[in-house]
Number of protein chains: 2
Amino acid sequence: MPLPDLIQYIPHIAYDSVVFGFSKGKLKILLMEYHDTGWHALPGGFVERTENLEDAVKRGLFERTGLHEIYLEQFHTFGDMARFQPEVMKTILEANGHAVPDNYWMLDRFFSIAYYALIDHEKVTLTPDSLSDSIAWYDIEHLPDLILDHGKIVQKALQTLRENLDRKLIGGNLLPERFTMNELQAVYEAIMGEKLRRTSFQRKMLSMDILDRHEKLFTGKSHKAPYLYSFKTS
Amino acid sequence: MPLPDLIQYIPHIAYDSVVFGFSKGKLKILLMEYHDTGWHALPGGFVERTENLEDAVKRGLFERTGLHEIYLEQFHTFGDMARFQPEVMKTILEANGHAVPDNYWMLDRFFSIAYYALIDHEKVTLTPDSLSDSIAWYDIEHLPDLILDHGKIVQKALQTLRENLDRKLIGGNLLPERFTMNELQAVYEAIMGEKLRRTSFQRKMLSMDILDRHEKLFTGKSHKAPYLYSFKTS
DNA sequence: TATTATTGTCTCAACGTGAAACAATAGATT
DNA sequence: AATCTATTGTTTCACGTTGAGACAATAATA
């Protein structure tokens, strides 16, 4: 596979996405691992010459997760000189067997527009890109070191997610269509990083009139069965 | 004055700033008016090759307002194809007597990183740039039509400012060092676009323990004199 | 039938806010 | 000097929200 040609992309502009998922009670994000280097990075990409910015991000997410309809929110653009480290990209490309000219466009200074996405962990089919050995879920509390300023990007994403959690009622995007109140509470706790009071949480969620209550979920355990809920579509 | 050379700037990347001020009970923003065309636009600019993004924005704000220390917050990056209208910039440049080559870099597609700033209206010394007849304050409720998507940028700035107003306690940045409770309330009302209850507002502000109370302000009017307040520096 | 674990609901106290009353006071009027 | 007017600072009361805990309901087991 040859090096991508600059002609189809806009130079100096990239995006990075922080894709949140929820599994086994933990909040996780998607990370790529590049060939040989062992370096980890956020899934990102470039914008085509005639493509809307947000369409580029959606295209990249679809290629890696197989999902088309994704909850997506832009949260910050990173443009410090400190993130200009051409030797990082050069090393990654060379580890893939490419001969990289010194003036190759991917070695230029880039501004990265960062988005976070919320997806149902169960629905994704992960596909690495050509430069990567893997794309996989990593527990938000035990992340490996990330290249460039990607660690800072993750922290800012998490901060923004926390600030938006109540205001935008987005927690449900991390769960399947139907879920128990306990599962929803676990999502909120994983995002906020703190325990919440069961009764207050339930009362608050129900009083907001955003949930539909469905049938009970019988798990086989010897106790009262919880109801299943879904978010109202209207 | 010759056309700026691309060499010193990063192509495809611009910033726009929504500078809020408060005067005569009204919330205002700064707009440029370009020579001849009569077109209005947000004050913006480009990022130098080795300059941090935020430093570029501060540089532009200093050139136009004379202020160095400014409350500044990034809120969104605009990257739709719909904002790619090279004939707009071409018309502006030609109205300034420039001969514009078809491939001139300022006619390319640009991504604009938008910031809002809060400043004390009394402290600014306004200076137009070389392409503009004027830079002046415009009442947020009576803005002229703006070029490209600058109207949308203003609306998004205002929305973000409203969302951040209570959470970040930023209203004071629009006032002088010392102010009365009534003036602070007027700022909040102008931003939120609604009247607030005097007693609740006062109680809330005082209970947050963010204000220092100073001497009274005697205006000569025949009624009780209000105290002056300032935001705690700590 | 009793037990256990968990869920759904209710109660009460503490707190925050809207609405209104009340108290204080700088200058004008008499 | 006493009174009046307009505005500011404070207090009170009603009401809604939330934390903390009690209580009721129930699915499977002993």
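We name chains A, B, ... by the order of the sequence lines, and we start the count at 1 in each one.
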Specify the separation, in whole Å, of atom CG of A/L228 and atom P of C/dT6.
18 Å
What's B/T199 touching, base or sugar-phosphate or nothing? Going by heavy atoms closer than 4.0 Å.
base
C/dA26 phosphate, OP1 or OP2, under 4.0 Å from B/K216 side-chain N/O
yes
Do A/R213 and C/dG8 share a donor-acceptor pair, side chain to base, under 3.5 Å?
no
Decide if the gap between the ring center of B/F75 and the ring center of A/F75 is smaller than 6.0 angstrom.
no
Within the pair A/S200 and D/dG19, is there a side-chain N or O less than 4.0 Å away from OP1 or OP2?
yes
Examine the base of C/dG8 for any acceptor or donor lying under 3.5 Å from a partner atom in the side chain of A/R198, and report the outcome as yes or no.
yes
Round to a whole Å and report the spacing from NZ of B/K224 to P of D/dA6.
17 Å
Rounded interatomic separation in angstrom, taking CE from A/M181 and P from C/dG8:
7 Å
Please tell me which of A/K221 and B/Y229 maps to the more 5' nucleotide of DNA chain D, matching each residue to the nucleotide holding its nearest heavy atom.
B/Y229
Take the protein atom NZ of A/K195 and the nucleotide atom P of D/dT18, then report the distance between them rounded to whole Å.
21 Å
For A/F179 and C/dT7, give me the distance from atom CZ to atom C1', rounded to whole Å.
16 Å
Could you give the CG-to-P distance, from A/N182 to D/dA27, as a whole number of Å?
17 Å
Donor on one side chain, acceptor on other, A/Q155 and A/Q159, under 3.5 Å:
no
Rounded to whole angstroms, how far apart are CZ on B/R203 and C1' on D/dG9?
12 Å
Between B/N164 and B/Y116, is any side-chain donor less than 3.5 angstrom from a side-chain acceptor?
yes
Between D/dA6, C/dT9, D/dG9, which nucleotide has the shortest distance from any of its atoms to the side chain of B/Y227?
D/dG9
Can you see whether A/Y229 has A/R213 sitting over its ring - NZ or CZ less than 6.0 Å from the centre and within 45° of the normal?
no
Measure CG/A/D166 against C1'/D/dT18 and give the value in whole Å, please.
13 Å
Go through D/dT29, D/dT8, D/dT26 for me and flag the one nearest to the A/S222 side chain.
D/dT29
Would you say the ring centroid of A/H68 lies under 6.0 angstrom from that of A/F62?
yes
Which listed nucleotide (D/dG19, D/dT8, D/dT10) is nearest to the side chain of A/R197?
D/dG19
